[in-house]
Amino acid sequence: MEKLSADIKNKMKTKIQKLPKCELHLHIEGTLEPELMLELAQKNHIDLPYSDVEAIRIAYQFNNLQSFLDIYYAGAEVLIEESDFERLTWEYLLKCHKDNVVHTEIFFDPQTHTSRGINFTTVITGIHKALKRGEAELGITSKVIMSFLRHLSAEEAMQTLEAALPYKEWITGVGLDSSEYGNPPEKFQAVFDRAIEKGFLCVAHAGEEGDASYISGAIDFLHVQRIDHGVRCIEDESLMKRLASEQIPLTVCPLSNVKLKVFQSMQEHNILKLLDKGLVVTVNSDDPAYFGGYVNDNFLALYEFLDMNERQLRQLVINSFKASFLDKKQKDFWIEKVNSG
Ligand code: HPA
Ligand code: ZN
């Protein structure tokens, strides 16, 4: 019996591996693995409160979003030079290659770095160089989404938007992350209006720790094309119907949600319920170095704990391409590959 279930699990693992996939919710700062954190700390002479990888992993016990954010912002302090951002991004692309992720749309948080005196140019240039190399050497396409930290003021977000304008060609969209409580979408309405005027596409984290009203707020005030997380939509039946009928995608992050106690266990996660209600839900890793897994690990968790079947797996993967910022031709190309794979 034990042998049989291991065999079945391996078969599902192979199926997950073989499908070309797309990731839409990934914070590049959240891909900083403990080994690289220690290496960069030493190179850049940054004091860390951890002596080794084991101590870092032990510190990664979170009981909510804020307890994670405190550690995540502290970890990002080892990123100083352009080459650090390039290396960070390159290491993530190698993980994509391993998982057969062929397209990725990554967030970066400029304010986490500019607030420490790092130039915007340093950050975006390092990320951009790695992404170009990823396309040339690994065949991975990508888009960049600049996220505003919602615990900071709208004025600071506006200044960040202005700083990004010379790099518009490298940045497809803007997003909103960090602590939701007390920082509702409407706080950033003017910033998003200006971003739209300048041609950026918009997304926002909503309905992770904030309630369902944050999701409708992001749609109505910020005019987002997709919602990051959004799992608390389940608390509002009419909102769920709206998300399904308007096909507004949710970039869901199962391992993240369990680590940050949005759900107490993976068995309680609602992603497959939302999928079966016709919502465009997708699977993503959020901050994989902190939450214990990259995209394939997230899919595997859905199989292990929620009995995800092959039809659901395929639909989730197709949804990601559908919800991406790729053009129609590229979407059709990958969806056809998924259907025939
Ligand atoms: N939520 C909010 N802010 C974040 C997250 C998240 O999941 N990851 C990194 N910043
Ligand atoms: Zn996120």
Side-chain angles (χ1 to χ4, degrees), residues 22-33 37 60-77 79 85 88-89 92 104-115 123 127 143-152 156-157 160 173-185 187-188 202-211 214-215 217-218 222 224-233 249-263 269 271 281-295 297-298 320 323-324:
C22 167
E23 173 145 71
L24 303 177
H25 184 155
L26 181 283
H27 302 264
I28 200 63
E29 294 88 352
T31 67
L32 181 61
E33 290 287 348
M37 190 189 291
Y60 290 179
Q61 311 286 339
F62 314 117
N63 41 40
N64 54 30
L65 176 59
Q66 195 59 51
S67 61
F68 155 69
L69 289 172
D70 294 342
I71 287 193
Y72 160 87
Y73 294 131
E77 290 184 16
L79 300 162
F85 291 93
L88 177 73
T89 309
Y92 163 65
T104 181
E105 301 189 356
I106 70 169
F107 296 119
F108 78 114
D109 289 340
Q111 290 160 293
T112 300
H113 314 297
T114 52
S115 65
V123 182
I127 294 172
K143 309 270 180 201
V144 172
I145 302 170
M146 175 175 79
S147 266
F148 303 115
L149 298 183
R150 69 200 305 159
H151 67 274
L152 300 179
E156 285 163 290
T160 305
V174 299
L176 194 58
D177 62 8
S178 190
S179 337
E180 256 182 278
Y181 285 137
N183 299 298
K187 174 175 163 186
F188 295 93
C202 299
V203 299
H205 283 53
E208 177 189 24
E209 71 173 356
D211 63 28
Y214 282 67
I215 302 173
L222 307 183
V224 297
Q225 328 256 319
R226 30 180 219 241
I227 294 286
D228 298 310
H229 292 297
V231 289
R232 289 191 62 186
C233 69
L250 305 185
T251 64
V252 179
C253 308
L255 287 174
S256 161
N257 291 157
V258 174
K259 272 277 184 189
L260 301 189
K261 312 269 195 295
V262 177
F263 297 94
H269 204 291
I271 183 167
V281 285
T282 66
V283 174
N284 308 273
S285 68
D286 206 5
D287 301 282
Y290 291 87
F291 299 147
Y294 288 77
V295 164
D297 302 310
N298 276 273
S320 292
S324 74

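In each ligand, atom 1 is the first atom listed, and ligand 1 is the first ligand listed.
For the 3.5 Å distance criterion, the side chains of Thr251 and Asp228 qualify, holding a donor opposite an acceptor. Donor-acceptor pairing under 3.5 Å is recorded for the side chains of Asp109 and Tyr72. Glu29 and His113 form a side-chain donor-acceptor contact under 3.5 Å, judged by distance and modelled atom types alone.
Within the 4.5 Å cutoff, side-chain heavy atoms of Thr31 are placed close to those of Leu88. Ser324 is not listed as a side-chain neighbour of Lys143, based on a closest heavy-atom distance of 4.5 Å or more.
Protein-derived N/O/S atoms nearer than 2.8 Å to the Zn ion (ligand 2) total 4, waters excluded.
Between Tyr290 and Phe68, the ring centre distance stays below 6.0 Å.
Contact residues of ligand 1 (protein heavy atom closer than 4.0 angstrom to a ligand atom; sorted by chain and number): His27, Leu65, Phe68, Leu69, Tyr72, Asp177, Ser178, His205, Glu208, His229, Asp286, Asp287.
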- Query: Could you walk me through whether Phe107 and His205 pass the ring-ring contact (aromatic ring centres under 6.0 Å, His included) check?
  - Reply: CA-CA 11 Å; Phe107 296 119; His205 283 53; 5.5 Å; yes
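At a threshold of 4.0 Å, the pair Arg226-Glu105 counts as salt-bridged, since one of the basic side-chain nitrogens sits closer than that to a carboxylate oxygen.
Here NE2 of His151 is found 4.5 Å from OG of Ser178. Values are rounded to the nearest 0.5 Å.
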